[in-house]
Structures are given as structure tokens and as C-alpha cells.
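What follows is one structure encoded as C-alpha cells, with my remarks underneath.
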Amino acid sequence: MIKPSVLLFALLISAPAWYRLLHDEVDLIQVLIRFLVAVPIAAVLLAGLRFILAGYRKADEEPPLPTVVPEPYESAPERKST
């Protein structure tokens, strides 16, 4: 299934063609072809972005290391000589 972000990005990539359609400079078929070409390109670009950002996400999910709280040192009790 295609993610909505891919379709939105493909729509953004093909926006100049949609604009030219409003001014009757291109046909609807050409605009749809450009949109269909933009969908796999947008999918590849967003997949690459997700791959790059996944490395940063894993660092945040690791549990923090336990902290060591310093405690005052108590010397051993003195022995009484008998």
C-alpha cells in the first residue's frame, strides 16, 4: 500500500504540471502520466530519508545506562586490643 506521504510528495513534485493544466497548456493525460512517474520517485526519495533518519531514532530508544550515586566512605571501626 502506498503511504499518504508518498502521494502528497508526488503531488508536490507534479504541481507545475497541474498548474499548467489549469491554464490549458497541457492535457490531462500528460499530467496524470507525470503524476504516475512522480509516485515511484517520491517513494524512493522518502524511503531514503526514512533510512537515514532510522539510525538516529534507534539511539533515542536505547535505555539509559544506570547512574552511579557516590556514597560517603565509612572507615572500618577501630579494633580494641585485648
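Atoms CG and CD1, on Leu28 and Ile33 in that order, are 10.0 Å from each other to the nearest 0.5 Å. One finds the CG atom of Leu36 at 6.5 Å from the CG atom of Leu32 (value rounded to the nearest 0.5 Å). Leu53 contributes atom CG, which lies 10.5 Å from atom CG of Leu46 (distance to the nearest 0.5 angstrom).
Among residue pairs with one or both ends in residues 3-15, those qualifying as side chain to side chain donor-acceptor pair (under 3.5 Å) are Ser5-Arg50, Ser14-Trp18; sequence neighbours excluded. Within the structure, ring pair (Phe, Tyr, Trp, His ring centres under 6.0 Å) pairs that include any residue of residues 21-53 comprise Tyr19-His23 (at least two apart or interchain). Sorted by first and then second residue, the salt bridge (Lys or Arg N to Asp or Glu O under 4.0 Å) pairs with a member in residues 5-16 form an empty list; sequence neighbours excluded.
Looking at residues two or more places apart in sequence or on another chain, you find a side-chain hydrogen bond (donor to acceptor under 3.5 Å, both in side chains) between Glu25 and Arg20. By the side chain to side chain contact (heavy atoms under 4.5 Å, CB included) test, Leu8 is found to be paired with no residue, residues two or more places apart in sequence or in another chain being considered. Legend: residues meeting side chain to side chain contact (heavy atoms under 4.5 Å, CB included) with Ala17, ordered by chain and number and at least two apart, are Val31, Arg34.
Contact between Val6 and Ala42 at its shortest, heavy atoms only, is O-CB, 3.7 Å.
Both Leu45 and Val37 sit in one connected hydrophobic cluster of ILVMFWY residues. Membership requires side-chain heavy atoms under 4.5 Å apart, directly or through other members.
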